[in-house]
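Have a look at the structure below, then the notes.
Quick note: numbers below take in every heavy atom, side chains included, and nothing from hydrogens, waters or symmetry partners. What you are looking at is a predicted structure, and each value in this text was computed from that prediction instead of being measured.
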Amino acid sequence: MAGAIKNLDRGVIIGETTFGKGSVQMLFDIPSPVPFGDKPEDDKLGLKLTTAQYLTPGISPSRAWA
């Protein structure tokens, strides 16, 4: 919401700046086919899949991934 207000010059934004990427990601655990280390936590594999993206009125989809 803050991005839309700022891009459309509809108000003044106050508060603390955050640095979110504007995307929604899902995390998937993948079983390891072979051991990678001495501890069980060394063998963890995963996949991070971006499933959605938040855009403001002033950002085109092609600029959003730059």
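Every residue meeting the side-chain contact (heavy atoms from CB on, under 4.5 Å) condition with Leu27, not counting sequence neighbours, appears here in chain and number order: Lys48.
Hydrophobic cluster membership of Ile14, counting Ile, Leu, Val, Met, Phe, Trp and Tyr whose side-chain heavy atoms lie under 4.5 Å apart directly or via other members: Val12. Summarising the hydrophobic clusters (Ile, Leu, Val, Met, Phe, Trp, Tyr; side-chain heavy atoms under 4.5 Å, direct or chained), the residues clustered with Ile30 are Met26, Phe28, Val34, Phe36, Leu45, Leu47, Leu49.
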